[in-house]
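What you are looking at is a predicted structure, and each value in this text was computed from that prediction instead of being measured.
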Amino acid sequence: MFAAVQKQSLSDLLYRQLKRKIVTRELAAGEELPGERSLSEMFGVNRNSVREAIKRLQQAGLVEVRHGGN
């Protein structure tokens, strides 16, 4: 009668949203993502969730992480 609801972490939801923007080229190749603090505020999630999502994007080869940006 009802389907089970899948649990998703905040970092998973953020990862999927960012990945979709990258894959559909809504975010252009080489375009810098906002910093952790900005992403955290934009999405209303904590910075750990942002870090985890970015880490997954990096592992998937979709972003390159540079520390201490300008």
**Request:** Identify the two heavy atoms, one from S11 and one from A53, that lie closest to each other, and give their separation to 0.1 Å.
**Result:** O-CB, 3.6 Å

**Request:** Looking only at non-hydrogen atoms, find the nearest pair between A60 and Y15 and report the distance.
**Result:** CB-OH, 4.2 Å

**Prompt:** Are K55 and E52 side-chain neighbours, meaning at least one heavy-atom pair lies under 4.5 Å?
**Reply:** yes

**Prompt:** In Å and rounded to the nearest 0.5 Å, what is the CD1 to CG distance from I54 to L18?
**Reply:** 5.5 Å

**Message:** Quick check for you: to the nearest 0.5 Å, what is the distance between L14 atom CG and R51 atom CZ?
**Reply:** 12.5 Å

**Item:** Any side-chain heavy-atom pair of R56 and D12 under 4.5 Å
**Value:** yes

**Message:** Taking L39 as the starting point, is it possible to reach L13 by hopping between hydrophobic residues whose side chains are less than 4.5 Å apart?
**Reply:** no

**Prompt:** Which atoms form the tightest heavy-atom contact between V63 and Q58, and what is the distance?
**Reply:** CG2-N, 3.5 Å

**Item:** L27 side, atom CG; E32 side, atom CD - distance, nearest 0.5 Å
**Value:** 12.0 Å

**Fill in**
To the nearest 0.5 Å, atom CG of L33 lies from atom NZ of K21 at 11.0 Å

**Item:** N/O donor-acceptor pair under 3.5 Å between T24 side chain and R20 backbone
**Value:** yes

**Complete:** Here the pair of heavy atoms bringing S49 nearest to L10 is OG-CB, 3.7 Å

